[in-house]
Amino acid sequence: MDIENISMGLKEPVILQDSTGYYFRANDKQKASEVIRNLLALLARPLNPSEATIIKPSCIVNGLAGDFMDLLPQSRALLIYAPLPVFLGSIAKKQITGRLWAREQFSELRKMGMINLGFDDDQHFRQTDLQIAAAGWLAQQGIFQKLVERFGADRIATIDSETLLAAPHEAMTAIARLYQLNLDDQNIREIIEGPAFNSHSKHGTEFDRKGRNEERSTAESLHADEIAKVAFWTGKVAEAVGIDINLKAALI
C-alpha cells in the first residue's frame, strides 16, 4: 500500500509495540491515552500531503486497536487473518522457531489480560505447542469480533488470507474503497503483478501463490493429524466462550 501520491505504508512501527506495553503498565491511563493520541497523530502525518497513511502493526498491538480507532475517529481498519488450519500449518512448518514464536505471543497476550478462554495457567502449561498457538489465534479472533461489533462495517472490514490471494483484484478494489483511495485498474494491476503478491514477505525471494500453496500443502500433510485435532478442540473452546471463528463484515 506504499503508492506514490496515493498512500504511504508503515510496516510494524516499533513505537506502536512500545506504546502498547507502556499503556498496559501505566498507572495513569488517562495520561497514557494522551501520550498515545499524540503518537498516533505523528504517525498519521504522511510525507506527502496528498497521501493517506496506512499502518500495518504487529499483532501484539491488536489489543489496543479499538482505543486507537477511538482516538482517530476518521480511521478505518482491515483485519486480515489466516484460517486456523493454515495458521497452524504455518507454525508447524517453522518447527521450533514457529512454536517458540507462538508461545511468546501467547505469553504477551496473557500478560495483557487478553487470553480469557476458561483455562488457568496450569491447564495452559499442559497444552501442546499447537494448542497454545490456537489459543492465541482464538484470542485474536475474539478481539477482531469485538472490533466489528463496536465499529461496524463502515469502519471495519475483514478478510482471510486465502480469499485475499484467490481474488486479489477484487480484494484490492475493495481495500481502495475502504480506505477511500483513488486507485484505478492500472494501479491495482501493478500491485498484483508486483512484489507484494509475488515475493516472500520475509526473505524477498520469488514466491507466488502457487509456491505458497505447495509449501503449505506439504506442511499441512506432515502435521495433518495434529492440526485436525487442535482445530476440532479450538472449535469447541470457541463455542464455549462465544467467539465466532468466521468473522462478519467481510471485505468481499
Side-chain angles (χ1 to χ4, degrees), residues 1 9 11-12 17 56-63 65 77-110 114-115 117 124 127-145 147 157-168 171-172 175 192 195-238 243-247 250-252:
M1 300 309 298
K11 183 179 179 180
E12 300 193 4
Q17 294 169 243
K56 188 272 179 189
S58 63
C59 59
I60 205 68
V61 178
N62 289 339
L78 174 65
L79 308 176
I80 306 177
Y81 65 99
L84 181 58
V86 176
F87 173 73
L88 294 177
S90 177
I91 296 297
K93 79 179 181 184
K94 296 181 178 71
Q95 301 181 45
I96 190 171
T97 302
R99 292 169 186 264
L100 281 174
W101 177 88
R103 285 192 171 274
E104 288 167 0
Q105 293 294 306
F106 175 90
S107 177
E108 290 302 314
L109 291 171
R110 185 78 166 164
M114 287 187 277
I115 304 286
L117 303 177
H124 278 306
Q127 290 166 359
T128 69
D129 291 334
L130 288 196
Q131 281 181 292
I132 290 294
W137 180 91
L138 189 57
Q140 295 281 6
Q141 291 294 105
I143 292 170
F144 290 169
Q145 180 179 321
L147 287 171
T158 69
I159 189 169
D160 70 82
S161 57
E162 308 315 287
T163 301
L164 172 63
L165 294 176
M172 292 306 304
I175 289 171
I192 295 170
F197 282 88
N198 296 282
S199 63
H200 198 293
S201 62
K202 302 297 183 185
H203 313 304
T205 53
E206 185 175 330
F207 194 65
D208 58 13
R209 186 183 172 213
K210 179 181 178 183
R212 176 182 177 274
N213 286 344
E214 289 173 353
E215 183 180 274
R216 197 193 88 193
S217 178
T218 299
E220 289 182 9
S221 63
L222 286 172
H223 304 276
D225 182 64
E226 185 180 7
I227 289 172
K229 288 174 179 174
V230 172
F232 178 81
W233 172 82
T234 307
K236 293 301 182 182
V237 175
I243 295 177
D244 190 352
I245 289 179
N246 300 307
L247 296 174
L251 178 72
I252 57 176

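A quick note: this is a predicted structure, and the numbers were derived from the prediction, not measured. In this chain, residues are counted from 1 in sequence order.
Put simply, CD1 on Ile245 and OG1 on Thr234 are 6.5 Å apart, with the number rounded to the nearest 0.5 Å. Annotation: the span from Leu251 atom CG to Met172 atom CE amounts to 9.5 Å, rounded to 0.5 Å. Distance check: Ser107 OG to Ile132 CD1 gives 10.0 Å after rounding to the nearest 0.5 Å. Rounded to the nearest 0.5 angstrom, Leu84 CG and Leu130 CG are separated by 9.5 Å. Here the straight-line distance linking atom CE of Met1 with atom NZ of Lys56 works out to 14.5 Å at 0.5 Å rounding. Rounding to the nearest 0.5 Å places CD1 of Ile96 at 11.0 Å from CZ of Arg103.
You'll find the side chain of Gln141 reaches within 4.5 Å of the side chain of Tyr81, heavy atoms only. You'll find the side chain of Pro85 stays beyond 4.5 Å of the side chain of Leu88, heavy atoms only. Between Phe144 and Thr158 there is no side-chain heavy-atom pair separated by less than 4.5 Å.
The pair Glu226-Arg99 meets the salt-bridge criterion, with a side-chain N (NZ, NE, NH1 or NH2) lying under 4.0 Å from an Asp/Glu carboxylate O.
Gln131 contributes a side-chain N or O that, together with a main-chain N or O of Thr128, makes up a donor-acceptor pair within less than 3.5 Å. With hydrogens and angles ignored, the 3.5 Å screen pairs a side-chain donor or acceptor of Asp160 with a backbone N or O of Thr163. Side-chain atoms of Asp129 do not come within 3.5 Å of backbone N or O of Gly98 as any donor-acceptor pair.
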key: Worked check of side chain to side chain contact (heavy atoms under 4.5 Å, CB included) between Ser58 and Val61   = CA-CA 6 Å; Ser58 63; Val61 178; 3.6 Å; yes

query = Checking side chain to side chain contact (heavy atoms under 4.5 Å, CB included) for the pair Phe197/Leu165: CA distance, chi angles, key distance, verdict?
reply = CA-CA 8 Å; Phe197 282 88; Leu165 294 176; 4.0 Å; yes

request  = Apply the test side-chain hydrogen bond (donor to acceptor under 3.5 Å, both in side chains) to residues Asn62 and Gln140: give CA-CA distance (whole Å), side-chain angles for both, the deciding distance (0.1 Å), then the verdict.
outcome  = CA-CA 8 Å; Asn62 289 339; Gln140 295 281 6; 2.9 Å; yes

task = Determine, stepwise, if the pair Ile91 / Phe87 fulfils side chain to side chain contact (heavy atoms under 4.5 Å, CB included).
result = CA-CA 6 Å; Ile91 296 297; Phe87 173 73; 3.9 Å; yes

task = Under the side chain to side chain contact (heavy atoms under 4.5 Å, CB included) rule, what do Gln127 and Trp233 come out as? Steps first, then yes or no, please.
result = CA-CA 11 Å; Gln127 290 166 359; Trp233 172 82; 3.7 Å; yes

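Scanning all heavy atoms of the two residues, the minimum distance from Ala167 to Ile252 falls at CB-CD1, 4.1 Å. Closest non-hydrogen pair, Ala65 versus Leu147, comes out as CB-CD1, 3.9 Å. For Ile115 against Gly136, the heavy-atom pair with the smallest separation is CD1-CA, 4.3 Å. Shown here for Trp137 and Ala82, the closest heavy-atom pair between the two residues is NE1-O, 2.9 Å.
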